[in-house]
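These notes are about the structure you will find just below.
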Amino acid sequence: MPWGSAVGQRPCRVRGSPGLRGSLQRLQLDYVDVVFAGPRPGPAHTEGLDPTLRLLRLEELVRAMSDVIDQGLALYWGTAGGAPGDVMDTYAVARQFNLVAPVCQWAELPPEPRLFRQIGLGAVTWSPVAPGPAPEEEPPPHGRPMAKGRRQPPKVGELQPLAQRLGCSVAQLAIAWSLRAEGVSSVLVGAETPRLLREQLRALQVLPQLSPAMLQELETLLGEAAPP
């Protein structure tokens with residue numbers, strides 16, 4: 001769920017629930033497990049704001065997500081696209097007013113470590129071999145180039161020798177590498193069939209095989225595909 005309004009307009013708390021209800025109707029679902037809320041594309045919705053107004057914006061977001069949980073439209077909520085400082089303050093606002101705090105964050109690799117170390121906010125991320133879209137973006141059609149500024153995946157051929165040494169696929173190797181990062185709770189996969197899903201889940205068997213030397217090699221290849 002993108003959050004925030006055009007410049008000069010105050011974000012509206014009442015838009016959250018109706019917007020999510022519309023999405024649930026299109027998905028033919030009564031509720032979702034986790035809903036992510038983050039700023040709209042462009043300048044951060046708290047950027048340059050008076051400190052008091054900034055906290056009010058964050059409080060409005062937390063109250064809107066608490067309403068979503070209370071109405072049974074989602075079981076949990078997480079942050080998406082916010083600066084680490086905004087995420088920390090969002091969590092603090094929820095605790096201060098006894099509202100529903102976020103349980104996770106939508107983040108590219110590597111996630112901000114202090115969000116996990118200080119408030120236990122795990123990251124939902126994706127494999128650097130197949131970057132996922134930001135929450136406010138639609139995935140590009142097959143064959144279309146990724147949007148400007150998005151990270152580029154490494155060449156599959158560079159990972160193939162490492163995957164062969166471990167007896168796994170490149171996709172399984174990249175997923176395992178993503179899971180080993182501190183603070184990562186889960187990795188989104190792009191499986192379109194049950195068979196593909198079962199195949200990608202075998203990445204869990206690859207994870208214990210990643211030795212320090214192997215991780216160093218992977219860091220050189222996959223680390224370059226992730227933002228600094």
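Excluded from the calculations below are hydrogen atoms, water molecules and symmetry mates; all remaining heavy atoms, backbone and side chain alike, are included.
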Is there side-chain contact between [X] and [Y], with heavy atoms separated by less than 4.5 Å?
X: Thr79; Y: Leu115; result: no
X: Leu179; Y: Leu204; result: yes
X: Phe116; Y: Gln105; result: no
X: Cys168; Y: Arg202; result: no
X: Leu75; Y: Tyr31; result: yes
X: Phe36; Y: Cys104; result: yes

For a salt bridge (Lys or Arg N to Asp or Glu O under 4.0 Å) check, start with the C-alpha distance between Glu112 and Arg117, then their side-chain angles and the critical distance, and finish with the verdict.
CA-CA 9 Å; Glu112 171 59 50; Arg117 295 172 187 170; over 6 Å; no

Which heavy atom of [X] sits nearest to which heavy atom of [Y], and what is that distance?
X: Ser185; Y: Gly122; result: OG-CA, 3.1 Å
X: Ile69; Y: Ala74; result: CD1-O, 3.4 Å
X: Trp126; Y: Leu109; result: O-CD1, 3.7 Å
X: Ala80; Y: Trp106; result: CB-CB, 3.7 Å
X: Val187; Y: Ser178; result: CG2-CB, 3.8 Å
X: Ala203; Y: Ala176; result: O-CB, 3.7 Å

Among residues two or more places apart or on two chains, list those pairs meeting side chain to side chain donor-acceptor pair (under 3.5 Å) that have a residue in residues 90-101.
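As it turns out, the side chain to side chain donor-acceptor pair (under 3.5 Å) pairs with a partner in residues 90-101, which skip direct neighbours, are Tyr91-Arg95.
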
Donor-acceptor pair, [X] side chain versus [Y] backbone, under 3.5 Å?
X: Trp77; Y: Val100; value: yes
X: Gln209; Y: Gln205; value: yes
X: Gln172; Y: Glu199; value: yes
X: Thr125; Y: Ala107; value: yes

To the closest 0.5 Å, what do you measure between [atom1] ([X]) and [atom2] ([Y])?
X: Met65; Y: Leu73; atom1: CE; atom2: CG; result: 9.5 Å
X: Leu196; Y: Thr193; atom1: CG; atom2: OG1; result: 4.5 Å
X: Arg54; Y: Asp89; atom1: CZ; atom2: CG; result: 4.0 Å
X: Met214; Y: Leu166; atom1: CE; atom2: CG; result: 4.0 Å
X: Asp67; Y: Arg63; atom1: CG; atom2: CZ; result: 9.0 Å
X: Leu188; Y: Ile175; atom1: CG; atom2: CD1; result: 10.0 Å

Same apolar cluster (I L V M F W Y, side chains within < 4.5 Å links), [X]/[Y]:
X: Val184; Y: Ile119; answer: no
X: Val93; Y: Leu121; answer: no
X: Leu173; Y: Val189; answer: yes
X: Val68; Y: Val62; answer: yes
X: Leu55; Y: Met88; answer: no

side-chain contact (heavy atoms from CB on, under 4.5 Å) partners for Arg198, two or more places apart:
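Residues passing side-chain contact (heavy atoms from CB on, under 4.5 Å) with Arg198: Pro194, Arg195.
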
Please walk me through it: do Leu218 and Leu159 pass side-chain contact (heavy atoms from CB on, under 4.5 Å)?
CA-CA 8 Å; Leu218 286 169; Leu159 298 172; 4.3 Å; yes

